[in-house]
Amino acid sequence: MEISPAIKYVGVDDLDIDLFESQYVVPEGMAYNSYIILDEKVAIMDTADARKGAEWWCNVKGALAGRTPDYLVVQHLEPDHAALIAEVMEEFPAVKVVATAAAVKMLPQFFEGVDFGNRVLTVKEGDTLPLGSHTLQFFVAPMVHWPEVMVSYEQSEKVLFSADAFGKFGALCNEGPWDCEARRYYINICGKYGAQVQALLKKAATLDIRMICPLHGPVLTEDLGHYIGLYDIWSRYEPETDGVFVAYASIHGGTAVAANRLAEILREKGAPKVVVTDLSRCDMAEAVEDAFRYSHMVVCAASYDADVFPPMHDFLHHLKMKNYQKRRVAIVENGSWAPTAGRVMRAMLEGMKEIEIVEPVVTIRSRMKEGDLAAMELLSTSLLG
């Protein structure tokens, strides 16, 4: 793939991977993006995962066409982008590794026994690296989503090499709509660090950006305001869609019936969109994504061992880890003899920022009955209030 006459794509698709970062399902595979800038001096922009090292080297050698790179720019040291640094240094003894001070400090942790010595060029905020007619300018982006991250802006072609920002799940050969898989990627990979993403967006706003080249997902060349606008919403933890996400964890089906009946009531009361998810069977990363996407949430769970059914506990733990906030949440609990789920869910939610818990908490005893409808009606009215 050619980004421009001087900028070549040398990344690779991984169609064999089942779980990205050993936790996120990626049925459409994953792309490990890498680029080369060919000018008077040559810069490789990141490497790739060792899983696809042979393919990456084939692409790199083809793009170099016999030339020798002067620089290897390391924007992010995570192994899916940086696994081949030592191989590049061995293949090209004169190449300089360009990275932030935080990355330079971490390099020996990943490459034991490699002598980085005088082969590292440490850069800081605003530093530039002239390549000829192209010049890279570096901006630190700590915790988007590791502390050593930086992004690179190529000044002549106005290209932002954005590291993990603006990435998405999915191999390039299986390209689908951007928003859904980019949202799932952002919330689960970078979602905890909204303040840091906001800081990066403020820096980006000072640049004339005509193209975004992320480390995962497609190169973005049109309607950049759409992608940047979504990142602004996501990183401010604002709802993207007006609607209700109903997440339930049911042992023998009673809680599931109650959750689906409540969803029907919400629709009848005019909720613009209602999405129901079974936490015992769903993709947890997608459930977390939907919790952030919608303006309201209902959590429905069975009591279990004087606590809450583990799939709900896992879900709420994930939300807290990702900094879930600024939402109205309703609670439905189920318990056959000593309901405890509501108390546990409330305590977990109260540990999150700006969460308004809607009253009343509805208690179901084993199976939902006609007598429970009044409480469900009241809860739905209060939630949509």
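Predicted, not measured: the structure shown is a model, and the values here were computed from it.
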Note to self: Quick check: do Arg327 and Met352 have side-chain heavy atoms less than 4.5 Å from each other?
What the structure shows: no
Notebook entry, point to check: If we only count heavy atoms from C-beta on, is the Leu230 to Trp178 side-chain gap below 4.5 Å?
Noted result: yes
Check: If we only count heavy atoms from C-beta on, is the Asn334 to Cys300 side-chain gap below 4.5 Å?
Finding: no
Item checked: Joint hydrophobic cluster, Val308 plus Leu319, side-chain heavy atoms closer than 4.5 Å -> yes
Can I get a per-line list of side-chain donor-acceptor pairs under 3.5 Å for residues 29-37, giving both atom names and the distance, sequence neighbours left out?
from, atom 1, to, atom 2, distance (Å)
Tyr32, OH, Asp14, OD2, 2.6
Asn33, OD1, Tyr9, OH, 2.6
Asn33, ND2, Pro214, O, 2.9
Asn33, ND2, Gly217, O, 2.7
Ser34, OG, Met45, O, 3.3
Ser34, OG, Asp46, O, 2.7
Ser34, OG, Trp56, NE1, 3.1
Tyr35, OH, Pro214, O, 2.7

Next item on the list: Any salt bridge (charged side-chain N to carboxylate O under 4.0 Å, His left out) involving residues 136-156? Give me the pairs, sequence neighbours left out, ordered by first then second residue.
Entry: none
Check: Do Tyr304 and His313 have ring centres separated by under 6.0 Å?
Finding: no
Notebook entry, point to check: Is Glu157 salt-bridged to Arg210, going by a charged N under 4.0 Å from an acidic O?
Noted result: no
Notebook entry, point to check: Less than 4.5 Å apart, any side-chain heavy atom of Phe315 and any of Met284?
Noted result: yes
Next item on the list: Flag yes if more than 12 heavy atoms outside Glu112 fall under 6.0 Å of its CD atom; otherwise flag no.
Entry: no
Checklist line | Hydrophobic cluster membership, Val10 vs Val98, 4.5 Å side-chain cutoff | finding: no
Next item on the list: Using side-chain hydrogen bond (donor to acceptor under 3.5 Å, both in side chains) as the criterion, list what pairs up with Gln137, not counting sequence neighbours.
Entry: Gln155
Item checked: Exercise: identify the closest heavy-atom pair between Leu201 and Ser235 -> CD1-OG, 3.8 Å
Notebook entry, point to check: For the residue pair Val73 and Ser152, what are the closest heavy atoms and their distance?
Noted result: CG1-OG, 3.9 Å
Check: Could you go step by step and tell me if Glu90 and Arg119 meet the salt bridge (charged side-chain N to carboxylate O under 4.0 Å, His left out) rule?
Finding: CA-CA 11 Å; Glu90 183 177 359; Arg119 299 193 57 186; over 6 Å; no
Checklist line | Main-chain N/O of Gly191 paired with Tyr237 side-chain donor or acceptor, under 3.5 Å | finding: yes
Check: Which hydrophobic side chains are connected to Met321, either touching it within the sub-4.5 Å cutoff or through other members that do?
Finding: none
Item checked: Expected output: side-chain Ser303 to main-chain Ala341 donor-acceptor under 3.5 Å -> yes
Notebook entry, point to check: Do other residues, nucleotides or ligands put more than 12 heavy atoms under 6.0 Å from the NE2 atom of His317?
Noted result: no
Margin query: Check for me whether the distance between the ring centres of Tyr186 and Tyr231 falls short of 6.0 Å.
Written below: yes
Next item on the list: Identify the two heavy atoms, one from Asp208 and one from Tyr153, that lie closest to each other, and give their separation to 0.1 Å.
Entry: O-OH, 2.6 Å
Margin query: Would you say that Met89 contacts Phe111 through its side chain, given a criterion of any heavy-atom pair below 4.5 Å between the two side chains?
Written below: no
Next item on the list: Would you give the length of the straight line joining atom CG of Leu84 to atom OG1 of Thr47, rounded to the nearest 0.5 angstrom?
Entry: 4.5 Å
Note to self: Membership question, hydrophobic clusters at under 4.5 Å side-chain separation (ILVMFWY): are Val104 and Phe116 in the same one?
What the structure shows: yes
Next item on the list: Mark yes when over 12 heavy atoms from residues, nucleotides or ligands other than Phe138 sit less than 6.0 Å from its CZ; otherwise mark no.
Entry: yes
Notebook entry, point to check: What closest approach, in Å, do Glu28 and Leu15 show between heavy atoms, and which atom pair accounts for it?
Noted result: O-CD2, 4.2 Å
Note to self: Determine whether Glu356 and Arg328 satisfy the following criterion, salt bridge (charged side-chain N to carboxylate O under 4.0 Å, His left out), listing intermediate values before the conclusion.
What the structure shows: CA-CA 5 Å; Glu356 178 188 353; Arg328 303 188 77 211; 3.1 Å; yes
Next item on the list: With sequence neighbours excluded, tell me which residues meet salt bridge (charged side-chain N to carboxylate O under 4.0 Å, His left out) with Lys269.
Entry: Glu377
Checklist line | Non-hydrogen atoms of Pro130 and Thr135 that approach each other most closely | finding: CA-OG1, 4.0 Å
Margin query: Would you say that Leu200 contacts Val149 through its side chain, given a criterion of any heavy-atom pair below 4.5 Å between the two side chains?
Written below: no
Checklist line | salt bridge (charged side-chain N to carboxylate O under 4.0 Å, His left out) pairs, two or more places apart, involving residues 176-196 | finding: Glu181-Arg184, Arg183-Glu240, Arg183-Glu289, Arg184-Asp283
Next item on the list: Using the salt bridge (charged side-chain N to carboxylate O under 4.0 Å, His left out) rule, take Lys52 and Asp49 through it: C-alpha gap first, then chi angles, then the decisive distance, then the call.
Entry: CA-CA 6 Å; Lys52 296 296 175 179; Asp49 195 296; over 6 Å; no
Check: What is the ring orientation for His76 with His81, classed by angle as parallel under 30°, tilted 30 to 60°, or perpendicular over 60°?
Finding: tilted
Check: Counting only heavy atoms not in Lys124, do more than 12 sit closer than 6.0 Å to its NZ atom?
Finding: no
Next item on the list: State which residues pass side-chain hydrogen bond (donor to acceptor under 3.5 Å, both in side chains) with Ser336; sequence neighbours excluded, sorted by chain then number.
Entry: Ser366
Item checked: Side chains of Trp57 and Glu87, donor plus acceptor under 3.5 Å -> yes
Item checked: All pairs passing salt bridge (charged side-chain N to carboxylate O under 4.0 Å, His left out) where residues 330-340 contributes a residue, at least two apart -> none
Notebook entry, point to check: Would a hydrophobic clustering, with Ile, Leu, Val, Met, Phe, Trp and Tyr connected at side-chain separations under 4.5 Å, put Met348 with Val361?
Noted result: yes
Check: How would you list, by chain and number, every residue that makes a side-chain hydrogen bond (donor to acceptor under 3.5 Å, both in side chains) with Arg261, sequence neighbours excluded?
Finding: Glu264
Next item on the list: Could you tell me whether Gln23 atom CD has more than 12 heavy atoms of other residues or ligands within 6.0 Å of it?
Entry: yes
Item checked: Within residues 242-284 or reaching into it, pairs that qualify as ring-ring contact (aromatic ring centres under 6.0 Å, His included) - sequence neighbours excluded -> none
Check: Within a strict 4.5 Å, meaning less than it, do heavy atoms of the Phe20 and Ile189 side chains meet?
Finding: yes
Margin query: Among residues at least two apart in sequence or on other chains, which ones pass side-chain hydrogen bond (donor to acceptor under 3.5 Å, both in side chains) with Tyr227?
Written below: none
Item checked: Ile355 with Phe292, same ILVMFWY side-chain cluster at under 4.5 Å -> yes
Notebook entry, point to check: Should we count CD of Glu222 as having more than 12 external heavy atoms under 6.0 Å?
Noted result: no
Check: Are the side chain of Gln325 and the backbone of Asn323 linked by a donor-acceptor contact shorter than 3.5 Å?
Finding: yes
Item checked: Test item: Leu266 and Val246 side chains (from C-beta on) under 4.5 Å apart, heavy atoms -> yes
Checklist line | salt bridge (charged side-chain N to carboxylate O under 4.0 Å, His left out) contacts touching residues 193-204 (sequence neighbours left out) | finding: Glu125-Lys203
Check: Is there a donor-acceptor contact under 3.5 Å from the side chain of Asp290 to the main chain of Ala287?
Finding: no
Next item on the list: Taking all heavy atoms of Pro339 and all of Thr363, pick out the closest pair and write down the distance.
Entry: CG-CG2, 3.9 Å
